[in-house]
Asker: 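Take this structure, written in structure tokens, and hold onto it; I'll ask about it next.
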Amino acid sequence: MLLTLAVLAGAAGNAAARPVAIGGVRQSTALETRVLGGVESIAVWTLPRVGVSVRNDPRDLRLLYGNRELRYRPAEAGGGTGWTGLGFTLTTPLPAPEVVNGSLHVSLQALRLLGVRVLSDAPDVLNFAAPAVVPTSTLPPSPVTTIPVPAAPATSSPTTPALTELRPLPTLPSPPQPPAIQPIPTAPLPPALALPALAHLDTVRVSRTLHRSVEVQRVVLELSALAPYSVQRDKTGLSVTLPRVSATASAQDLPSGDRLSIEPGEAGTTVRLNTGGGTSTLFTLDNPDRVVIDTTTQLDTSVPPPIDPSSLPAGVTYRQKGTLHLLSFDPALYQPRVISAPTGRASDVAALVRGVGGVAGVNGGYFDPGSALPVDLVVAGGLMTAPSLERRATIGFSAQGNTFFGYPKPRYLLGGPFGSLTVNSVSSKPRPDLLTAFVGNGNTPVGADNLTTLYVGLGGSTVLNALTGRVTPPAGTLAVTFDPARFPQLPRTAGQPLKTTLGWRADDAPWDTALDALSAGPLLVQGGQVALNPAREMFDTGTNLWRPTRQVALGIMGGQATIAYFEHGTPESFAAALAGAGVRDAVRLDSGSSATAYLTGGYANLGAYLNTVWSRPVPNAIVFVPRSAPASPELSRR
């Protein structure tokens, strides 16, 4: 049951700093709460992770969640009145924010008033609900209609109130010193309205790092005091305007090839950065006050970019432990599915993910590179499109998205007045002595002379169509081909009774609820312990299949389905790394050149940056789709 933060408003004096989890996933120690003045508090910069949009400014703090907002301006900040609420009536006094080690903190009571959800509030952890959207932009300054000016004492110098943004001001007394920015010569302002600079641009620092084929350039604008800014973007870069900030004019070419210029003017300073196609994000830091511009540029567009841990979709958690990469998915937001390319064809994992509106994917089981046909079990949308070898570890997903592992031996079953028959094979090439099933894709013919093919619906009770000779079943249609002389009990005309089901023949998991399944192996981890047993699954450890290489798996970690990618190693080292990271259960998928872990435009694959070959196209993949996404079975059933 979802809880609110009401329980957090209890005896603050007894509160203790606690670790923070989001959607059940424990966060780093940097996100822990703090006890400040007897009040449990949390850093403002962490709040976007729980869905709160913020303006992280101690003189103009804004916290927005849904249609509720809290604003804080200290009394000395141009007539600030402390906390104010928008979208609700603020009747509960809140403690003032506090700055600790350069980070602004607010009480957890503020989050309660905003309505931020908490899944559990335990002494050892504070578990926030994962937000539907993680805000990525900073809120603008609070609207200001008037800025009161305190009367200047007769015996003291006049003062100018601190400003957070440039607004029309009433007449101010002349400052005791000449302003840093002179009035515009062509339209001089009266001396009473000449405004002094809020800050000076003291230092510009530039750094550049390479992450595989991605360049990240950081430009830091270090200011003498807090100052507002605005951004204008165009095709060649961006301009940052700093009103009432003075600076020294300069221009330089950066090591990245970008061009940086600083242009002071009467109204302030403009910083121009030509990024040459890179993508830039801006944020502020304090102690000292800084505006930071991070520009990410893909240097080699022929090589897919790596996963960007700083821009994950909501509900996705990325962890890296040495050469092990882990992508976990909140089950409340995402559901795993088996998605396949058309029969006999292969596709890159990214295309399979995008084809169904997914956010991430990993390649599936083993297949024959020549024909692009799977060599082991594939079930998609309840239809078995490739038969099982009946000996290797299998991953299954229920219609609700539950994940389970085991060793099923599924077969199609035909039932009617004659009793029950087991379909021997799943193939487009029937044998006269066997019952053969095939899921149509609209292109592949089945049947043969003197053989009958029935079109049936899985779970249906009658024959949809009965044909003789070579026929092409429509996409998604289950076809059963047989020799009438060998199976005279089966119907031969449409409308006759015939029930078709998929019997899983296993009791190690609730396989009867499985909607999708995929066999690969071996089982790497079970119950948190290494469970590798290649002999049980009939893997030959002396072959190329067992070599040290890139490894991928699908497992469960912290109650969440997790894609695991291992940069290089043997199945044994992979299993040990998974167990050491806290993975509860995991099955290895097709590894080596097929191994691909993809997340919305980025890849975990290190091998792509060491070789010219990226990864081999695959016939199927496990894809994570948003739960709100409509079902798209076309790919998996063709």
Side-chain angles (χ1 to χ4, degrees), residues 338 340-345 371-374 376-388 390 399 408-505 511-512 514-517 619-620 631-638:
V338 173
S340 298
T343 305
R345 292 171 56 186
S371 64
L373 295 176
D376 211 337
L377 174 69
V378 177
V379 177
L383 292 171
M384 179 167 57
T385 58
S388 172
E390 301 186 354
K409 301 177 180 179
R411 297 284 187 92
Y412 283 120
L413 302 176
L414 305 179
F418 54 85
S420 179
L421 288 173
T422 299
V423 177
N424 307 96
S425 178
V426 176
S427 174
S428 62
K429 299 177 181 179
R431 288 174 48 182
D433 56 331
L434 300 177
L435 278 171
T436 305
F438 181 74
V439 178
N441 56 27
N443 298 309
T444 304
V446 300
D449 293 342
N450 302 320
L451 297 183
T452 296
T453 296
L454 305 178
Y455 293 170
V456 297
L458 190 65
S461 57
T462 59
V463 175
L464 302 177
N465 205 350
L467 304 166
T468 299
R470 296 282 282 175
V471 296
T472 301
T477 299
L478 179 60
V480 178
T481 301
F482 63 97
D483 181 354
R486 185 171 180 82
F487 299 96
Q489 64 273 53
L490 289 175
R492 304 184 193 180
T493 59
Q496 289 188 276
L498 185 67
K499 184 176 182 179
T500 309
T501 59
L502 184 60
W504 288 91
R505 302 191 302 160
W511 290 104
D512 288 342
L515 186 67
D516 294 344
N620 51 68
S632 301
E634 292 81 6
L635 279 174
S636 63
R637 295 184 179 181
R638 283 186 291 178

Asker: Tell me which pairs pass ring pair (Phe, Tyr, Trp, His ring centres under 6.0 Å) where either residue lies in residues 481-505, with sequence neighbours left out.
Answerer: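 Ring pair (Phe, Tyr, Trp, His ring centres under 6.0 Å) check on residues 481-505 returns Trp504-Trp511.
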Asker: Less than 3.5 Å apart, which donor and acceptor atoms pair up between the side chains of residues 444-456 and the rest of the protein, not counting sequence neighbours?
Answerer:
unit_1 : atom_1 : unit_2 : atom_2 : d
Thr444 : OG1    : Asn441 : OD1    : 3.2
Thr444 : OG1    : Asn441 : ND2    : 2.9
Thr453 : OG1    : Thr481 : OG1    : 2.9

Asker: Are Val338 and Val378 side-chain neighbours, meaning at least one heavy-atom pair lies under 4.5 Å?
Answerer: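 The answer is yes; the side chains approach within 4.5 Å.
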Asker: Is any side-chain heavy atom of Met384 less than 4.5 Å from a side-chain heavy atom of Val379?
Answerer: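 Yes, close enough: below the 4.5 Å cut-off.
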Asker: Between the main-chain N or O of Leu435 and the side-chain N or O of Asn424, is there a donor-acceptor pair closer than 3.5 Å?
Answerer: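 Yes.
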Asker: Which residues pass the side chain to side chain contact (heavy atoms under 4.5 Å, CB included) test with Ser420, not counting sequence neighbours?
Answerer: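 None.
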Asker: Could you tell me whether a side-chain N or O of Asp376 sits under 3.5 Å from a main-chain N or O of Ser388, the two making a donor and an acceptor?
Answerer: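 Not confirmed, Asp376 side chain does not pair with Ser388 backbone.
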Asker: Roughly how far, to the nearest 0.5 Å, is CG of Leu478 from OG1 of Thr385?
Answerer: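 Interatomic distance, Thr385 OG1 to Leu478 CG, rounded to 0.5 Å: 11.0 Å.
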Asker: Checking Arg431 now: which residues fulfil salt bridge (Lys or Arg N to Asp or Glu O under 4.0 Å) with it, not counting sequence neighbours?
Answerer: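 Applying salt bridge (Lys or Arg N to Asp or Glu O under 4.0 Å) to Arg431 gives Asp433.
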Asker: Locate the shortest heavy-atom distance separating Ala372 from Pro619; write the atom from each residue and the value.
Answerer: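 Ala372 and Pro619 have their closest heavy atoms at O-CB, 3.4 Å.
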Asker: With sequence neighbours left out, write down each residue that passes salt bridge (Lys or Arg N to Asp or Glu O under 4.0 Å) with Arg505, or none if nothing qualifies.
Answerer: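 Checked Arg505 against salt bridge (Lys or Arg N to Asp or Glu O under 4.0 Å); matches are Glu390.
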Asker: Please, which pairs that meet side-chain hydrogen bond (donor to acceptor under 3.5 Å, both in side chains) have at least one residue in residues 486-501, sequence neighbours excluded?
Answerer: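 Applying side-chain hydrogen bond (donor to acceptor under 3.5 Å, both in side chains) to every pair that reaches into residues 486-501, excluding sequence neighbours, yields Thr493-Gln496.
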